[in-house]
Amino acid sequence: MEQKLLLIDGNSILNRAFYGLPDMTNSQGLHTNAVLGFLNIMFKFLEEENPTHLAVAFDLKAPTFRHKMFADYKGTRKGMPDELREQVPVIREVLQAMNIPLMMKEGYEADDLLGTMSVLGEEAGFEVKIVSGDRDLLQLATKKVQIRIPKTNRAGTVVEDYYEDDVLEKYQVTPKEFIDVKALMGDASDNIPGIPGIGEKTATKLIKEFKTLENAYAHIDEVKPNRAKNNLQEYYDQGVMSKELATIKLDSPIDITFEEAKLGNLYTKEAYHMLKELEFKAILKRFDGEEQEDFEVKIKEIVDLAEAEDIFAKTAKKKEAGISIYKENDAMWVALNTEGEEVYLFSCEGFGFLTEDFLYEKVDHLYQKMEHVAMMEVKEHLSHLTINEMTKSIFDVSLAAYLINPLKSTYEYDDIARDYKSMMLPSRKELIDKKHPMVSDGVLSDAGKKIMGYEAYVAREAIKPLSNKLTELEMMDLYREIEIPTMFALHDMEVRGIHVDSKALKEYGDQLVGRIEELQDSIYKEAGEEFNINSPKQLGVVLFEHMKLEGAKKTKTGYSTSVEVLEKIEHLYPIIPMILEYRQLTKLKSTYADGLANFIQDDQRIHGKFNQTITATGRISSTEPNLQNIPIRMELGRAIRKVFLPEDGYVFLDADYSQIELRVLAHLSEDEKLIHAYEENQDIHARTASEVFGIPMDEVTSTQRREAKAVNFGIIYGLSAFGLSQDLKISRKQAQEYIDRYFAMYPRVKEFLDGEVEKGKTDGYVKTMFNRIRPIPELKSSNFMQRNFGERVAMNSPIQGTAADIIKIAMVRVNMKLKEKQMKSRLLLQIHDELLIETHVDEFDEVKEILKNEMMNAASLRVPLSIDIEQGASWYEAK
DNA sequence: AACCTCACG
DNA sequence: ACGTACGTGAGGTTG
């Protein structure tokens, strides 16, 4: 069998992988995307080529000949970003752990080592494949040496392959001549100067004609065009030097032998442990069973009533337990862990002796007796438990983990185990698929048992590390006093739901359809063709190519057809306002009219979900459906609020904070002017206008007030001149002037914002008034944009987050007050700075008092909190 | 699944 | 020179 040698251009592939994959870190904060990408590419080629030998070449860090020589020639070679730099030693170690030989030599580039090795390999009778992201290596192609260049585009990875003939076909020169082409045209990225004025076209033409640089010079009189001739004459020395630089050395010292490069067992213990630390789960799967030392819990199944009683009785005497509850249809399971790896699994599948009520009662009892009962997502189980805001033993693992790092997308047991116990467990997603469901035929599957076992075990194991971390970050009060009670308020809102008049909603939708069809016809007529107006792609082509409208702006994939673009040309073409209206109406129809209708339950109410572990700032999020983005700004959309109705005998009371974020800013910054303005209950936007424009309050025009309002908003968002200029449609210079003047008038605000950015940089996170943290990894990024973003986040998060804390407190207190007093009125919705109460008519005044009281006193700030309350027979009227 | 667009605070 | 306002969720199209 023929021997095959696979050579990998380490730096080049690592580089490709780094830029090809989104930023990624393991739980230690080590960047890992380049290493993962590299390994994936390597495995892909190993599988495709099935080589007998393998080696990877790297540049050594020391500056090499080429770069030293031209370090000043064309600026400096771009240093690699830190996020990539830290991954270089990692991939080397991983490869070494896999027994893959590395070729590295001071004074030689990876290119030179690859070139030399490929020549040696070919001479020794190998078929040679070189994998690189770099076209420079094409000069190494022969009939036996193939250069393979993987390219990532959308769709996946495509590989360009080059034997000698392929180079000739694509570039019209042989691999050796390719060097001369490069000597003429130069290569900025490689600091090869080339000959000025000669680009790829001319270079190729000259080399096709003269074969080499030297020969072209020898026949300088025949060189055309004139510019090339003159420059070649003048810069010939530079050309010779460029050729030298462009030539890959084929006589470099090679430290490894073919014997060493022989492909052996990649899947070593060391490699396994390294990959585990890198948290490359998918790659770990390649390792054989022996290496898969997956941690397993010992599950003991209990179906006997007496035994169950006994276990729960004994458990109740202990301090801590971890529990997992799973329900599907009529069956229900409970996993319980109190120590070690032993997990009891109680099931009431079908006709067991254990019942659902029994198990919930037992769990409830544990909450009364034990110090800590740990579970994930406790809110999902509250309907069956009697625990309440006062229950001290509730330990919600998901909530605790969210507070410690609110940036994660999931808080499942495997995430918790990895982050707080350094354990790599198979995830729910890995254990469950279509072939392996959680439950089949009413019986909990092996995968299901495993998952529940892990959940109970991890929940208990996580109590200490999570508590310690919360204490260390001084977030225990936030957890106990705000988040746990908030969980109950959210659960109450989910259970209550909000009444929607489905008939009125249907009528609203029907009324839209008529107008949508009219608009569609007019648009087709205007465009002179029929197309899918909902497709931005088709719409862009119709508007800016077929109809040749001006004002086209491109996005990555085509033309932008966003409102900002269309509004600019709204008055020039009749089709544009039609499209804008069409967009508006179809949005209302699909997302709201039809969308909401799908969620109306048998009780004629929509029971949306309120999520507590989603946002980075501590806000609540709303899904299935989203009840926090029901239209209000435009009248037509706002009308949909007429279908949200209180029950008979009730009215809506809607209370919202007035400018809570600006008030928070006044408090946090301690700016006396701002504080004073709020103490005096002044019109804050007019006041800002007066300060910024240097005019008396009563001379502020409406335009000036509007602009000042935008500045105030901008401050909260982490102001940029660009953003403000966009919003106000003024020049960036003008916007910058507003900002400068604002900060001159409110110096403490400036100090505060700068201070937050500083804190973010030193601590890695910023905090709210109630110690909620928001980590900002972007502040450490080497990417300008990312860092900028991080700075804005550092300015915004303490403000938005503190406001979120305050309304959570108010929400909890209002909800508890209504429950304590056993009132009929109930809290239905929270929309960031607003609470909606379905208020019994007999309780109207009392509820209003409660709202005022609890909302205004939720936090004590340097400025008063102020609220607006409205009432109505529908949400529309109450706003 | 990614992108665009747009609804809200 | 870079290309941006902060925080969300959903529907439609397209690959």
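No hydrogens, no waters, no symmetry mates; every other heavy atom, side chains included, goes into these values. Letters A, B, ... mirror the listed sequences (proteins, then strands); counts begin at 1. Owing to the predicted nature of the structure, the values given are computational and were not obtained by experimental measurement.
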| Which ones in residues 620-632 of chain A lie close to DNA chain B, meaning a heavy atom under 4.0 Å from one of its atoms? |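 Within this stretch, A:Q628, A:N629, A:I630, A:P631, A:I632 sit under 4.0 Å of the strand.
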| message | Tell me which residues in residues 765-797 of chain A lie within less than 4.0 Å of DNA chain B, going by non-hydrogen atoms. | response |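 Those residues: none at all.
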| message | From CG of A:D727 over to P of C:dC6, roughly how many Å is that when rounded to an integer? | response |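 Result: 13 Å.
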| Could you state the CG-P distance from A:N611 to C:dG7, rounded to the nearest angstrom? |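 Going from A:N611 (CG) to C:dG7 (P), I get 17 Å.
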| Quick one, which residues of residues 504-513 of chain A touch DNA chain C with a heavy atom under 4.0 Å? |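 Result for residues 504-513 of chain A: none.
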| query | Using a heavy-atom distance cut-off of less than 4.0 Å, which residues of residues 589-599 of chain A contact DNA chain C? | reply |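 Residues of residues 589-599 of chain A that come under 4.0 Å of DNA chain C are, in numerical order, A:S590, A:T591.
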Once you apply a heavy-atom cut-off of 4.0 Å, does [X] come out as touching a base, just sugar-phosphate, or nothing?
X	answer
A:I831	sugar-phosphate
A:R633	base
A:G714	base
A:A616	sugar-phosphate

| field | Side chain of A:T615 - closest among C:dT13, C:dG3, C:dT8 | value |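 The answer is C:dT8, which lies nearest to the side chain.
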[atom1] atoms of [N] and [M], separation to the nearest Å:
N	M	atom1	value
B:dC6	C:dA1	C1'	31 Å
C:dC2	B:dA7	C1'	31 Å
B:dC4	C:dA5	P	13 Å

| request: Give the ring-plane orientation class for A:F544 versus A:Y559, where under 30° counts as parallel, over 60° as perpendicular and anything between as tilted. | output: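 Correct class here is tilted.
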| field | chain A contact limits on DNA chain B, taken 5' to 3' with a cut-off of 4.0 angstrom to heavy atoms | value |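 Endpoints of the contacted stretch of DNA chain B: B:dC4 to B:dG9.
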| note | Taking Watson-Crick and G-U wobble contacts under 3.5 angstrom, with | marking pairs to another strand and [ ] crossing pairs, the secondary structure of DNA chain C is written .....|||||||||.
